[in-house]
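Below, chains carry the letters A, B, ... as their sequence lines are ordered, and counting in each starts from 1. Since the model is a prediction, treat every value here as computed from it, not as a measurement.
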Number of protein chains: 2
Amino acid sequence: MNRASSLHAPTFSPLYRQIKQLIMGNLESGEWGPGDAIPSESELAGRFGVSQGTVRKAIDEMAAENLLVRQQGKGTFVATHKDPGSAFRFLRLVPNDGVPQVSQSIPLECWRAKAGPDVARTLALEPGAPITILRRLLKLGDEPVVFDEIYLSSELFPDLSLEVVRAGDSLYGLFESRYGVCMVRADERLRAVAADRVSAELLQVAEGSPLLVVERVTFTYGRKPVEWRRGFYSTRNHHYRNELG
Amino acid sequence: MNRASSLHAPTFSPLYRQIKQLIMGNLESGEWGPGDAIPSESELAGRFGVSQGTVRKAIDEMAAENLLVRQQGKGTFVATHKDPGSAFRFLRLVPNDGVPQVSQSIPLECWRAKAGPDVARTLALEPGAPITILRRLLKLGDEPVVFDEIYLSSELFPDLSLEVVRAGDSLYGLFESRYGVCMVRADERLRAVAADRVSAELLQVAEGSPLLVVERVTFTYGRKPVEWRRGFYSTRNHHYRNELG
DNA sequence: TAGTGGTCTAGACCACGTC
DNA sequence: ACGTGGTCTAGACCACTAA
């Protein structure tokens, strides 16, 4: 039994948390990719030399963080944005009347640039590092409701282009399968602003009418920031839903 | 060991979940009030005739839902809105520059009315049931940033008045200590709107400038809705912070 | 020192999915 | 029939708090 690193060190962490870090390592290195089944609990217990209950507690935490998905009788799988259900985890906009609608992503522009100080800071890049900027419109039903401007490191997403985006499924599904970058967590900041001319035209609202602005920093494993985006949400027929617990 | 109600019934629930419901019952009945210590795990295990691990799993879930708070070496306590830390769980508005500010609640008006069909529906009351409406302004630092209109059942909050609100600490702290109603969960809907005259004046912004509207239904134990409120948030120097996981 | 929650183990059995 | 995760038990020991 490995009780190493416990002794009165200030950096003590219980065994199950060390196991968790080992599993995290396999996710970060891409050894176990999104959608894959990870080894069974007893297999991992044997491999790490701990009891099954300890592995279980490690996996429990990761399942609670949406990193893994357990399925009784089948196994434990690396979370993916491709299965339905996980698809809308990051889009909190829902129609006021509750009727679910088909979503359609319309890429508008995609170009390269150099990171300004602000983008560099939020994405943890060198100022001047190459970035890719993507603009797209999101329709729910027939109505345009979100205008997004998305900033990405060109190094992480090398050949991103309008064609690539058009071909793929959901954006995060594409990032996952094409670039091996799995979006896991995000921080959002919401404000109300008056629509500028571009947004107003795209969202088919009057210039100056109130819009919801959502700034999002998205993280992959290990809290590494990999996406920054600003979205203009039209809240005429939709609202941003949030649960406080 | 009580494995009752398991047999192939469609309403099967594991033992630890039945224990959880028993503990929930003690919270709903007010037998264990906010801030109180609940009996120790071994005590409960003996009382319910199950192993300590099973009680532990029940408490684990309730701690994850912020119903209980564990403190190593001391015991497990019913969550309360009075201890700092829990105080800002339901206010997601933070200053743009990150500097924390003193908050000050200023009650404006408080009157009685009869529930309209909409309020009755969201609060699960009979249409026409007596309700109490409270308006208040929230200042962060010296700046007015939130104008709230709050709807409550007069039956649950009998003698609520401007004086009572002025005297108390935080609103949810008051509800807890004076009326024994503990706010546990909330659903929020966010929209961007143009400021009307009243809101604009109170929040010291121009009429028609964009405001964030936050509609909230707040629940006590057992998902019982007990509060409905609409808040107008000024997002000039603040933003609504949200984490997606 | 005594009591609490926190961790870890080992083993039994159940529920589910697949072959 | 077999392997997976899900539940439950019993007991040991650790870490923290308070008297």
Q: Mind calculating the distance between CG (A/L68) and P (D/dG5) to the nearest angstrom?
A: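 One finds 11 Å between P of D/dG5 and CG of A/L68, rounded.
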Q. Roughly, in whole Å, what's the span from NZ in B/K20 to P in D/dG6?
A.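 Distance check: B/K20 NZ to D/dG6 P gives 16 Å.
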Q.
Looking at C/dG5, I'd like to know if its phosphate oxygens (OP1 or OP2) sit under 4.0 Å from a side-chain N or O belonging to B/R56.
A.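 No, because none of the side-chain N or O atoms of B/R56 sits under 4.0 Å from OP1 or OP2 of C/dG5.
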Q: Report yes if at least one side-chain N or O of A/R70 is closer than 4.0 Å to OP1 or OP2 of D/dT4; otherwise report no.
A: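 For D/dT4, neither OP1 nor OP2 has a side-chain N or O of A/R70 closer than 4.0 Å.
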Any idea which of [options] is nearest the [X] side chain?
X	options	value
B/S51	D/dA10, C/dC8, D/dT7	D/dA10
A/T76	C/dT7, D/dG5, C/dT4	D/dG5
A/K57	C/dA10, D/dC8, C/dT7	C/dT7
A/E41	C/dT9, D/dG6, C/dG5	D/dG6

Set out, line by line, the N/O atom pairs under 3.5 Å between protein and nucleotides 16-18 of chain C.
| residue | atom | partner | partner atom | Å |
| --- | --- | --- | --- | --- |
| C/dC16 | O4' | A/Q72 | OE1 | 3.0 |

Q | Heavy atoms of other groups near B/D142 CG, more than 12 under 6.0 Å | A | no
Q: Just jot down the side chain to side chain contact (heavy atoms under 4.5 Å, CB included) partners of B/D36, sequence neighbours excluded, or say none.
A: none
Q | side chain to side chain contact (heavy atoms under 4.5 Å, CB included) involving A/E155 - partner list, sequence neighbours excluded | A | A/S153
Going by ring pair (Phe, Tyr, Trp, His ring centres under 6.0 Å), name the residues that satisfy it together with [X], two or more places apart in sequence or in a different chain.
X	answer
B/H239	none
A/F157	A/F175, A/Y179
B/F90	B/H81, B/Y172

